[in-house]
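This report refers to the structure that appears directly beneath it.
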Amino acid sequence: MVRSWDAAVGRAQERLATVPGVRAVREGEGRGFALWDLASCAEGELGECVDPSAIGPAEERRLRERLGESGREWPGGELYRRRYWLLADGTRGNGGTGASTSTSTGTGTGTGAGEAEPVGIFAVDNWTRGPGQLAVSSLYLRPSARGYGLAASALDHVYRAATAEGLPGYRLEAHWTWQRAVRYHLRRGLWVVSWKHALGLARMPQLPPYRVREEDGRLVLLVADRPSPDPAEAVWTPLLAAGSEGRRLRLDETAAYRQADGWVHGYARSTLALHLALAGRPLVRGPQWWAEAWRWADIGEPEGLAYRIGHIEQAARAAGRAVVTPYRAPAVPDLPRPSEEPRPDVPALRPSDGASTT
């Protein structure tokens, strides 16, 4: 049993600092890391692919002004989170300690002689989120370093470090408008656990592997009852199936879903909802559900995700940013946007109300 989350996080961070291919950011490298972080935000929010080593003072000022609050540099460095370089090969270099012996590469990394060049970054907060999970607050690779599994390896290291110290995995956030990142994390099998401010995604020992596949025009979410390294030997059980009735959602439950434990039962609907949104499928079952969508503005029913996406995209457009989205607003012509306050004339809906079953 974990007696102190803070102590467990500290031990997990020390594990990460010793992983081959990972090096903790050293003293004097904070500015370089900040520019890589800025390049990540520029690509994700502005659609601009920027070389971190080419960001000078004027370009940095321009990007931070365009990004606003999300472009703000983290103050305090290691006070809030521990930052890591992802290296070009398995070289770790000095165990993440000590001073550099070479000149700067132009991004403030201070790569020493014989050390592998950084090709990416990630950061892990010094406190937990949710039910005691490690929080990944940055993850970025140069475009030339993508496609080799480095990001997946980094996240696997974080997961192993967390579970080795008794922490229930990790979580991270991805903005809906960062479509590439959102799709990547879903391909990695992360579950959707929140959409309050951004999309919260998690990998936890309590949540089994899942997959979403199309069957007869419906998207079906299945979980692995008996996971196996060989996908052909795994036993996959369907929990939920989402189809369309005109331009509205039809959500069907299975008996296995109704018998699932709390973690799976709680996050299966939200996870399938995000897959539906990315596929451009309906998220709203009808006027009464849409009227109550604000109830699930943090997490829960698919209508809550539709409600949240609407707010996110509206804010992005108001900030002058181009929004490329696969999702279409709900077709509920007889009802305006959902109310922000409870409507006494519309009864509250429980998560199981109104859902068809198979």
Side-chain angles (χ1 to χ4, degrees), residues 129-131 133-134 136 149 151-153 155-156 158-160 162-163 167-174 176 179-195 198-243 249-283 296 298-302 304-305 326-327 351-352 355-358:
R129 292 188 188 177
Q133 297 160 312
L134 285 183
V136 178
S153 178
L155 292 176
D156 286 344
V158 173
Y159 183 76
R160 286 192 288 268
T163 54
L167 299 170
Y170 69 83
R171 67 183 293 162
L172 52 81
E173 290 188 342
W176 163 253
Q179 288 284 302
R180 182 191 296 270
V182 173
R183 293 175 186 275
Y184 171 78
H185 292 306
L186 287 189
R187 288 197 303 271
R188 290 281 302 157
L190 271 62
W191 290 73
V192 180
V193 298
S194 172
W195 49 57
L199 298 171
L201 301 116
R203 181 180 176 189
M204 303 169 61
Q206 299 93 327
L207 292 169
Y210 78 87
R211 60 173 54 167
V212 174
R213 68 189 184 200
E214 185 166 356
E215 297 180 358
D216 300 324
R218 303 186 302 171
L219 291 189
V220 181
L221 184 142
L222 308 94
V223 295
D225 280 342
R226 293 199 296 275
S228 170
D230 182 358
E233 296 180 0
V235 176
W236 295 92
T237 300
L239 298 184
L240 297 169
L249 168 69
R250 174 187 171 93
L251 184 63
D252 296 336
E253 301 173 356
T254 67
Y257 171 77
R258 294 190 291 273
Q259 296 167 4
D261 64 30
W263 292 103
V264 173
H265 194 279
Y267 295 134
R269 299 171 93 86
S270 55
T271 299
L272 181 57
L274 183 54
H275 281 271
L276 288 168
L278 291 172
R281 303 291 187 94
L283 291 178
W296 305 291
D298 292 354
I299 193 64
E301 297 293 329
L305 179 58
Y327 184 64
S352 60
S356 302
T357 58
T358 58

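What you see below is based on every heavy atom in this structure, not just the backbone, and it leaves out hydrogens, waters and symmetry mates. All values reported here derive from a predicted model rather than from experimental measurement.
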**Message:** Evaluate Leu172 against Leu155 for side-chain contact (heavy atoms from CB on, under 4.5 Å), listing each step before the verdict.
**Reply:** CA-CA 10 Å; Leu172 52 81; Leu155 292 176; 4.0 Å; yes
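- Applying the salt bridge (Lys or Arg N to Asp or Glu O under 4.0 Å) rule to Arg180 yields no partners; only residues at least two apart in sequence or on another chain are considered.
- Contact check for Trp296 versus Pro302: no side-chain heavy atoms found under the 4.5 Å cut-off.
- Distance check, rounded to the nearest 0.5 Å: CD of Gln133 to CE of Met204 gives 4.5 Å.
- With hydrogens and angles disregarded, no donor-acceptor distance shorter than 3.5 Å links the side chain of Ser270 to the backbone of Ile299.
- The backbone N or O of Asp225 lies less than 3.5 Å from no partner atom in the side chain of Thr237, so there is not a single donor-acceptor pair.
- Side-chain contact between Leu272 and Leu251: present, with at least one pair of heavy atoms (C-beta onward) separated by less than 4.5 Å.
- Proximity of a side-chain donor or acceptor of Trp191 to a complementary backbone N or O of Val264 within less than 3.5 Å is not detected.
- Shortest non-hydrogen contact noted between Pro208 and Ala224 is CB-O, 3.8 Å.
- Judged by distance alone, with hydrogens and angles left aside, the side-chain atoms of Thr163 form no donor-acceptor pair with the main-chain N or O of Gly169 at under 3.5 Å.
- Thr271 places no side-chain N or O within 3.5 Å of a backbone atom of Ala268 that could act as its donor or acceptor partner.
- Put simply, CZ on Arg281 and CZ on Arg218 are 11.0 Å apart, with the number rounded to the nearest 0.5 Å.
- Partners of Gln206 by side chain to side chain donor-acceptor pair (under 3.5 Å), not counting sequence neighbours: none found.
- Between Gln179 and Pro326 there is a side-chain heavy-atom pair separated by less than 4.5 Å.
- The shortest distance between side-chain heavy atoms of Leu207 and Val223 does not fall below 4.5 Å.
- Here the closest heavy-atom approach between residue Gly130 and residue Arg171 is recorded as CA-NH1, 3.8 Å.
- The shortest distance between side-chain heavy atoms of Leu239 and Arg269 does not fall below 4.5 Å.
- No more than 12 heavy-atom neighbours from other residues, nucleotides or ligands sit within 6.0 angstrom of CG on Asp216.
- Atom-to-atom distance recorded for Thr254:OG1 and Leu240:CG is 6.5 Å, nearest 0.5 angstrom.
- In this structure, Tyr257 contributes its side chain and His265 its backbone to a donor-acceptor pair below 3.5 Å.
- Between the side chain of Arg213 and the main chain of Leu222, no donor-acceptor pair closer than 3.5 Å is present.
- Partners of Tyr210 by side chain to side chain donor-acceptor pair (under 3.5 Å), not counting sequence neighbours, listed by chain and number: His275.
- Here the straight-line distance linking atom CG of Leu278 with atom CH2 of Trp176 works out to 4.5 Å at 0.5 Å rounding.
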